[in-house]
A.B. asks: 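Right, I'll just put the structure down here and ask away after.
Residue indices begin at 1 and follow the sequence shown. When reading the values below, keep in mind they use all heavy atoms of this one structure, side chains included, and skip hydrogens, waters and symmetry mates.
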Amino acid sequence: MKDADKLMAGVAVATALMATAAQAEVTLKVSHYLPSVHGIHTDFIVPWTEEITACTEGEVQFEIFPAGSQLGNVARQQEQVMAGVVDIANGLTGIPRGRFPRTSLIDMPFLTDDAGAATYALWELFPDYLAEEYQGVKVLALYAHNGGLLHTAGTKVETMEDMQGLRIRTPSPAVSEMLSALGADPQGLPPAEVYESLQRGVIDGTVFPWDPVKSFGLNEVLDYHLDLGAYTVSFFFVMNQRSYDGLSDKAKACVDQYSGDALVSKFGDWWDKWDQPGQAEAEAAGHEISVLSDEERAAWAEALQPMMARYIQSVKDQGVDNAEEIYQAMKDKIAEYEQAHQ
């Protein structure tokens, strides 16, 4: 019996060691569409993976695929994570068009120009209003960038009349509708294609916050920048649900610890930091940077009222019967955030 007991004990130890070894070999694939010099990569995704690897004591490792890699296409982030081609993906909710109609309401003109406020609104409203759009994935964060600017090559824009006929790259359906209402010709392009399109004269400009202007090298092919503060754009950071469910309890706890509330609270400060180098670079290059005047801003806001009504109706046409309620809830949450941060 003693020999049998020893044998059984040995089998148990070997089984435990094999299980531990198997756990240590878990490598999750993370994809995003930005260059590896961008703050989303350097300040957000890389540190996030390192925190979880440390928290799991090496049980979970990561392989990151940024822009330029086989998995770094902005238009494929959602489908890749849904299919399990990658385990975790960071993408734009507006590309491809129409997949996140509820979430896209945060992109509406003049709702906010503050990344922290928009991110707070998205995360607060996620459980009750937005979760239906993320079936099959575990949502680790929803967030948005600071107010975008209009950046142009060769043509200075200060008024609505200056927008007429300009071919402007657009990041989302709501921004496309905004540009059209202002007289521009929106062009749907992935961020990585903007440099060449500007260089070749295929487009006249683009809307972006400052940070991708720097990370995509766009100041080399731009001349003018108009600070609109007229829109923001939303992003998702999600994990394939099966990949999450397959983790050990310890690994799940670590993912949860460094995601959600703990993560979304960082985006306001992060985006303020990420925007600074792009503006400084434009100033150093001698570019002209203008701010939309109060009078012109009021004119733009008035001109966009019909567009905003049409956009909300288009969201309703996609089956979101409570689109107005979601939009109002976003406004309320943004106001709540702004009041708390006065």
A.B. asks: Taking all non-hydrogen atoms of both residues into account, name the closest pair between L122 and S234 and its distance.
C.D. replies: CD1-CB, 3.9 Å
A.B. asks: Taking T56 for the side chain and T53 for the main chain, is one N or O donor matched with an acceptor at less than 3.5 Å?
C.D. replies: yes
A.B. asks: Between H151 and F208, what is the ring plane arrangement, given parallel below 30°, perpendicular above 60°, and tilted in between?
C.D. replies: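 Geometry flag for F208 against H151: tilted rings.
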A.B. asks: Check this for me, if you would: do D43 and K273 make a salt bridge, where the nitrogen-to-carboxylate-oxygen distance has to be below 4.0 angstrom?
C.D. replies: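 Here D43 pairs with K273 in a salt bridge, since their nearest N and O are under 4.0 Å apart.
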A.B. asks: As a quick check of understanding, evaluate side-chain hydrogen bond (donor to acceptor under 3.5 Å, both in side chains) for Q313 and D317, giving each step before the final call.
C.D. replies: CA-CA 6 Å; Q313 183 60 49; D317 291 343; 2.9 Å; yes
A.B. asks: Output, in order, the C-alpha distance, side-chain angles, deciding distance and verdict of side-chain hydrogen bond (donor to acceptor under 3.5 Å, both in side chains) for D107 and Y311.
C.D. replies: CA-CA 11 Å; D107 301 353; Y311 189 78; 6.0 Å; no
A.B. asks: For T119 and A144, indicate whether the former's side chain and the latter's backbone hold a donor-acceptor pair under 3.5 Å.
C.D. replies: yes
A.B. asks: State whether K331 and E324 are salt-bridged, where the test is any N-O pair (Lys NZ or Arg NE/NH1/NH2 against Asp/Glu carboxylate O) under 4.0 Å.
C.D. replies: no
A.B. asks: More than 12 foreign heavy atoms under 6.0 Å from CD of E196: is that the case here?
C.D. replies: no
A.B. asks: Decide ring-ring contact (aromatic ring centres under 6.0 Å, His included) for F62 and W48; before the verdict, give the C-alpha distance in whole Å, the side-chain angles of both, and the deciding distance to 0.1 Å.
C.D. replies: CA-CA 10 Å; F62 296 88; W48 182 84; 5.7 Å; yes
A.B. asks: Is D162 reaching over with its side chain to a backbone N or O of T159, donor-acceptor style, under 3.5 angstrom?
C.D. replies: yes
A.B. asks: Please report the shortest heavy-atom distance between G154 and D223, naming the atom on each side.
C.D. replies: N-OD2, 2.7 Å
A.B. asks: Regarding E124 and K333, does a basic nitrogen lie under 4.0 Å from an acidic carboxylate oxygen?
C.D. replies: yes
A.B. asks: Is K156 paired with E288 through a side-chain N to carboxylate O contact shorter than 4.0 Å?
C.D. replies: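 Result for this pair is yes, salt bridge flagged.
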A.B. asks: Would the distance check show the side chain of D114 and the main-chain N or O of A117 forming a donor-acceptor pair, the cut-off being under 3.5 Å?
C.D. replies: yes
A.B. asks: Where does the angle between the aromatic ring planes of F235 and W271 fall among parallel (under 30°), tilted (30 to 60°) and perpendicular (over 60°)?
C.D. replies: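 It falls in the tilted class, 30° to 60°.
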A.B. asks: Please work out whether the ring planes of F237 and F44 are parallel, tilted or perpendicular, with thresholds of 30° and 60°.
C.D. replies: perpendicular
A.B. asks: Check this for me: does any side-chain nitrogen of one of K138 and D87 sit under 4.0 Å from a carboxylate oxygen of the other?
C.D. replies: no
A.B. asks: So, are E132 and R102 salt-bridged, with charged N and O less than 4.0 Å apart?
C.D. replies: yes
A.B. asks: Do the ring planes of W274 and W270 sit parallel (below 30°), tilted (30 to 60°) or perpendicular (above 60°)?
C.D. replies: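 Ring orientation, 0 to 90° scale: parallel.
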A.B. asks: Verify side-chain hydrogen bond (donor to acceptor under 3.5 Å, both in side chains) between Q61 and T27, making sure each step is shown before the conclusion.
C.D. replies: CA-CA 5 Å; Q61 305 286 332; T27 299; over 6 Å; no
A.B. asks: Is a side-chain donor or acceptor of S69 paired with a backbone partner of P66 at a separation under 3.5 angstrom?
C.D. replies: yes
A.B. asks: Check the pair N146, D113 against side-chain hydrogen bond (donor to acceptor under 3.5 Å, both in side chains), reporting the backbone distance first and the verdict last.
C.D. replies: CA-CA 5 Å; N146 279 333; D113 63 355; over 6 Å; no
A.B. asks: Going by salt bridge (Lys or Arg N to Asp or Glu O under 4.0 Å), name the residues that satisfy it together with R167, two or more places apart in sequence or in a different chain.
C.D. replies: D204
A.B. asks: Between the main-chain N or O of V30 and the side-chain N or O of E63, is there a donor-acceptor pair closer than 3.5 Å?
C.D. replies: no
